[in-house]
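Notes follow once the structure below has been shown.
Naming convention: chains lettered A, B, ... in sequence-line order (proteins, then strands); numbering from 1 in each chain.
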Protein chains: 2
Amino acid sequence: MTKKKSDAPICALDYAFRRIGGKHKARILWYIYQQNNVLRYGELKKMVQNITSKMLTQTLRELEEDNLLNRKVYPVVPPKVEYSLTETGKELIPFIEHIGAWGRAQMEKEKVENKKKDE
Amino acid sequence: MTKKKSDAPICALDYAFRRIGGKHKARILWYIYQQNNVLRYGELKKMVQNITSKMLTQTLRELEEDNLLNRKVYPVVPPKVEYSLTETGKELIPFIEHIGAWGRAQMEKEKVENKKKDE
DNA sequence: CGGTATCCAAGAAGATACTG
DNA sequence: CAGTATCTTCTTGGATACCG
């Protein structure tokens, strides 16, 4: 029976993390989702503070390539480009909420522990 | 009403991803969980193929520092060190399974699409 | 507005050798 | 067995300038 059951999810883990594990990727998906699934380049730039154009563009291109984001270019002057989640991208939202909730809970715990130490 | 609800999960996302977003972290937690929550250093080394001692040690130390792993040293010769998930670490398993399942589904989809292209 | 292109610095990670 | 130490390489990402 070659217990391959445990191998499969592991490769899949790598696959998944390569797609959303990047420094800003999960946040970008989340921001777009929060804003009714449409954000322009400049809006994202403001929301993901301290990111450079280069990095933002690069990250967006990767997300697009992985079919998590749609990129829509309006042929107007000045240029207008909108990013939105694909169906595949939307599938990741529950997971992002899950891990975000865990992170928030952990942060709370740490805060409580630090308070204890102060006393 | 200062819609702060959307800010909180975002910071938490960064917090969470810094803890498990590393190249091998989720996999290590998963491996340990799969093996009845105990794995020795050498066993991990074999399972996480191509990882160097340096990287493995470093990754394990970070996981320990973030309170996701317990490190138990047995005072014997030759040395024996066991790693196991903490309660906090165990909390991450459902999430890891979730994202792993997504990744596996995506891989399947891609395979199907590639077959179509071949035809 | 929404990017590119180029250069450069800092950090992550690999190779190798060694140890209690 | 379970690491550490050192050196080197390789990859990321930042700064800056410029473009359609």
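- Remark: C1' of D:dA2 and CD of B:Gln58 are 16 Å apart, rounded to the nearest angstrom.
- Considering only side-chain atoms of A:Tyr41, the nucleotide from D:dG3, C:dG2, D:dG14 that sits closest is C:dG2.
- Rounded to whole angstrom, the span from the NZ atom of B:Lys23 across to the C1' atom of D:dT11 amounts to 10 Å.
- Considering only the side chain of B:Tyr83, D:dG3 comes nearest among D:dG3, D:dC1, C:dG2.
- Ring-plane geometry between B:Tyr15 and A:Trp102 is classed as tilted, the angle between the planes lying from 30 to 60 degrees on a 0 to 90 degree scale.
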### Message
Checking A:Glu91 against B:Gln106 for the side chain to side chain contact (heavy atoms under 4.5 Å, CB included) test, could you report, in this order, the C-alpha distance in whole Å, the side-chain angles of both residues, the deciding distance, and whether it holds?
### Response
CA-CA 11 Å; A:Glu91 284 173 24; B:Gln106 284 313 113; 3.7 Å; yes
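- Using a 4.5 Å heavy-atom threshold, the side chains of B:Met47 and B:Gln35 count as touching.
- A straight line from CG of A:Leu56 to P of C:dC1 spans 14 Å, rounded to a whole angstrom.
- Dashed line: the shortest gap from a side-chain N or O of A:Arg40 to OP1 or OP2 of C:dC1 is not under 4.0 Å.
- Counting to the nearest Å, the C1' atom of C:dG2 and the CG atom of A:Leu60 are 11 Å from each other.
- Between B:Lys45 atom NZ and D:dT4 atom P the separation is 13 Å, expressed in whole Å.
- A 4.5 Å side-chain heavy-atom check between B:Tyr33 and B:Ile96 finds every atom pair outside the cut-off.
- A rotation axis mapping the C1' atoms of four pairs onto the next four is fitted at both ends of the helix from C:dC1-D:dG20 to C:dG20-D:dC1 over five pairs, and the angle between these axes is 60° to 10 degrees.
- Distance alone, capped at 3.5 Å, is enough to place a donor-acceptor pair between the B:Asn37 side chain and the B:Leu85 backbone.
- Between B:His98 and A:His98, the ring-plane angle classifies as tilted under the 30° and 60° cut-offs.
- As rounded to whole Å, 16 Å separates atom P of D:dC1 from atom CZ of B:Arg71.
- Annotation: of the two residues near DNA chain C, A:Pro79 and A:Thr57, the 5′-most nearest-nucleotide partner is A:Pro79.
- Using bins of under 30°, 30° to 60° and over 60° for the plane-to-plane angle, the ring pair B:Tyr83/B:Tyr41 lands in the tilted bin.
- Closest approach to the B:Thr52 side chain among D:dA2, C:dG2, C:dA15 is made by C:dA15 (side chain taken as heavy atoms from C-beta onward).
- Atom C1' of nucleotide C:dG2 and atom NZ of A:Lys80 are separated by 13 Å, given to the nearest angstrom.
- Side-chain atoms of B:Lys54 and base atoms of C:dA13 include a donor and an acceptor less than 3.5 Å apart.
- Note on B:Arg61: a side-chain N or O is less than 4.0 Å away from OP1 or OP2 of D:dT4.
- Protein atom NE2 of A:His24 is 11 Å distant from nucleotide atom C1' of D:dG14, rounded to whole Å.
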